[in-house]
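Presented below is the structure to which this report refers.
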Amino acid sequence: MIEAPGLLASAVSRWGDDPFARGSWSLIGRDGTPQDRITLGTPVGDRLRIAGEATHPTRAGMTHGAYEQGVAAGTWAAGLGHRRVAVVGAGMAGLGAARALAGHGVETMVWEARDRIGGRTCGVEVGGFTFDLGANWLQQYDDNVLARLAERIGLTVVATDFTDPLVLGPARGPVPEGLEGELRARLEKAPPQAAVADVLESWLRHPAPFPAAAIRELVDAEIVMDSGAPLSWLSARHGFEPGVGEGDRWIVGGYRLLTEHLAGGVDVRLGHPVRRIGIGPHGVTLTGDGRTLDADAVIVTVPLPVLAAGGIAIEPALPEEHRAALGRLGAGRVEKVVLRFGDRFWPVHPAGYYRVHGPGENEICEWLDATAADGTPTLVGLFAGPWLDRLWQGSDSDVAARCAAVFTEALP
Ligand SMILES: Cc1cc2nc3c(=O)[nH]c(=O)nc-3n(C[C@H](O)[C@H](O)[C@H](O)COP(=O)(O)OP(=O)(O)OC[C@H]3O[C@@H](n4cnc5c(N)ncnc54)[C@H](O)[C@@H]3O)c2cc1C
């Protein structure tokens, strides 16, 4: 076992290996456009609708986008007059759908594969307090339905300024003026079907007036960290969607305070994986692990890669447009680590955020100082890209110790 001096407790995510997630959040690949999200969420006849974060055209990859899509799907099913509706998945979208259905007096059953609710919001107890291994922030805070809910039920939220991280690790100069604008302009005017890697490659052939290393670093910090996807796959025009940096605030005590509230009064069956959905002229039938559920309609909120991998057999098969849209979307891998220490050994930074450069090329990770949660020195690290192969090996405590060393060794 690897030792991490001063580490009291830790937790590590495994979203990439999780059969009910198969990645972190949905993204648009080089052949795709936001229209694919709309197509995926378009009802299939009167009895099936896919919801979830991947179907939101402007708020994909975020909890409030997922919730909004769930509510829209629930409202759709109720509007068609269905009296008994099944929901697959008890994440934000599934809970949003179930609440909308209940609000219309529709009988609703949620089948959830895991033995917990929340999906890609996932609170874990680490050293006596709950922290998030999935979603952390309420993004687009001023225009976020879940932020309003958090306020209504009296949750404490803490602001993070992603635009002003304290940069740690091998000395780097500041991001050259105008570089970020130039990156965005090049991505926007990239030809359709170009990947981020295509834009980067042609730019690096003639980087002047910017240093090539600064361009590469900005892409690592802004795009690799934000997506966790291979740049040769990620759409140049559409791979960099809005969300991060728009008034983000994290919830003290974690997202579970929201999901537990939302699940109140909802009939959620945990440990009920759905393996097959049959759609007939008079209703739908869900089956899984020897159980059967009949309903008038079904709302499917499982993560996009689970659907794309055939994790649920849908019969008859989804229409060609839906399958094509699924094929043009995908997901990246961003993993998290929560580290609790006896002493605070890092500098306080007002933004509450740190960007750490590793010794290797393209190694950037980001850290939230979550000490405000309960006063115990706490760091939450986000890792993507080349780090993962090197760090996410062996037991959780080995991974945590390696991550702790990355942060500690970067300090001046
Ligand atoms: C590391 C990480 C950090 C993130 N950070 C943020 C953030 O700071 N802010 C933010 O807004 N968003 C963030 N996100 C994204 C956010 O978590 C998701 O967009 C959102 O939670 C998705 O909700 P959903 O309901 O669409 O899907 P999910 O939450 O994935 O819910 C789908 C549910 O379906 C279940 N399921 C899967 N297969 C089956 C099956 N066969 N049968 C039955 N049930 C099944 C799953 O177990 C799951 O509970 C982050 C995600 C990750 C992984």
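Counting starts at 1 for both ligands and their atoms, in listed order.
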heavy-atom search around atom 11 (O) of ligand 1 in the protein gives Thr63 N, 2.9 Å

Judged by heavy atoms only, the candidate from Glu53, His64, Glu112, Gln139 nearest atom 10 (C) of ligand 1 is Gln139

Taking atom CG of Asp343 as the centre, report whether more than 12 heavy atoms of other residues, nucleotides or ligands fall under 6.0 Å from it. no

Item to complete: Could you walk me through whether Glu321 and Thr39 pass the side-chain hydrogen bond (donor to acceptor under 3.5 Å, both in side chains) test, one step at a time?
Response: CA-CA 7 Å; Glu321 318 79 89; Thr39 303; over 6 Å; no

Report yes or no: do Tyr354 and Glu366 form a side-chain donor-acceptor pair below 3.5 Å?
no

Quiz prompt | Basic-acidic side-chain contact under 4.0 Å: Asp132, Arg256 | solution = no

for atom 40 (C) of ligand 1, nearest protein heavy atom and its distance come out as Val274 N, 3.7 Å

Of Gly89, Gly23, Gly332, the one whose closest heavy atom lies nearest atom 33 (C) of ligand 1 is Gly89

Of all protein heavy atoms, the one nearest atom 23 (O) of ligand 1 is Ala66 CB, 3.4 Å

* Is Gly96 near ligand 1, meaning one of its heavy atoms is under 4.0 Å from it? -> no

Q) Could a heavy atom of Pro273 be found less than 4.0 Å from some atom of ligand 1? A) yes

The closest protein heavy-atom partner of atom 13 (C) of ligand 1 is Ala135 CB, 3.3 Å

Counting from 1 in the order shown, the ligand 1 atoms closer than 4.0 Å to a non-hydrogen atom of Met92 are 25 (O)

In ligand 1, the atoms that come under 4.0 Å of a heavy atom of Gly52 are 26 (O)

Of all protein heavy atoms, the one nearest atom 15 (C) of ligand 1 is Gly61 O, 3.2 Å

In ligand 1, the atoms that come under 4.0 Å of a heavy atom of Ala113 are 39 (C), 40 (C), 42 (N), 43 (C), 44 (N), 45 (C)

A student comparing Gln69, Arg120, Met62 should find that the heavy atom closest to atom 28 (P) of ligand 1 comes from Arg120

Contact region, Trp111 to ligand 1, non-hydrogen atoms below 4.0 Å, reads backbone

inquiry  = If we count only N and O atoms by modelled type, under 3.5 Å, do the side chains of Asp248 and Thr160 hold a donor and an acceptor together?
reply    = no

| query | Any side-chain donor-acceptor pair under 3.5 Å between Ser395 and Ser397? | reply | yes

So the atoms of ligand 1 within less than 4.0 Å of a heavy atom of Arg114 turn out to be 46 (C), 47 (O), 48 (C), 49 (O)

heavy-atom search around atom 51 (C) of ligand 1 in the protein gives Trp25 CE3, 3.5 Å

> Are the side chain of Trp387 and the backbone N or O of Ile364 linked by a donor-acceptor pair below 3.5 Å?
Replying inline: yes

So does Asp374 pair up with Arg340, basic N to acidic O under 4.0 Å?
yes

Any heavy atom of Leu382 under 4.0 Å from ligand 1? The part involved is neither

Near Ile312 (heavy-atom distance under 4.0 Å), the atoms of ligand 1 are 41 (N)

Do Trp137 and ligand 1 have an N or O pair less than 3.5 Å apart? yes

Notebook entry, point to check: Taking 4.0 angstrom as the limit, do Arg114 and Asp18 come out as a salt bridge?
Noted result: yes

Between His357 and Glu363, do the side chains contain an N or O donor and an N or O acceptor separated by less than 3.5 Å? no

ask   = Would you call Asp142-Arg148 a salt bridge at under 4.0 Å N-O?
value = no

Discussion item. Quick check on Gly311 - does any of its heavy atoms sit under 4.0 Å from an atom of ligand 1?
Written reply: no

Original post:
If we ignore angles and hydrogens, is there a donor and acceptor under 3.5 Å between the side chains of Glu151 and Tyr141?
Top reply: yes

In this structure, CZ of Arg120 is separated from OG of Ser26 (nearest 0.5 Å) by 7.0 Å

### Message
Please check: side-chain N/O of Arg30 versus main-chain N/O of Ala194, any donor-acceptor pairing under 3.5 Å?
### Response
no

Atom 25 (O) of ligand 1 has as its nearest protein heavy atom Ala93 N, 2.9 Å

Among non-hydrogen protein atoms, atom 39 (C) of ligand 1 lies closest to Val302 CG1, 3.5 Å

Review point. Are the aromatic ring centres of Trp367 and Phe383 under 6.0 angstrom apart?
Key: yes

Numbered in order shown, the ligand 1 atoms found under 4.0 Å of a heavy atom of Gly134 are 2 (C), 3 (C), 4 (C)

For Val334, the atoms of ligand 1 under 4.0 Å from one of its heavy atoms are 1 (C)

The atoms of ligand 1 lying under 4.0 Å from a heavy atom of Trp15, numbered in the order shown, are 1 (C), 53 (C)

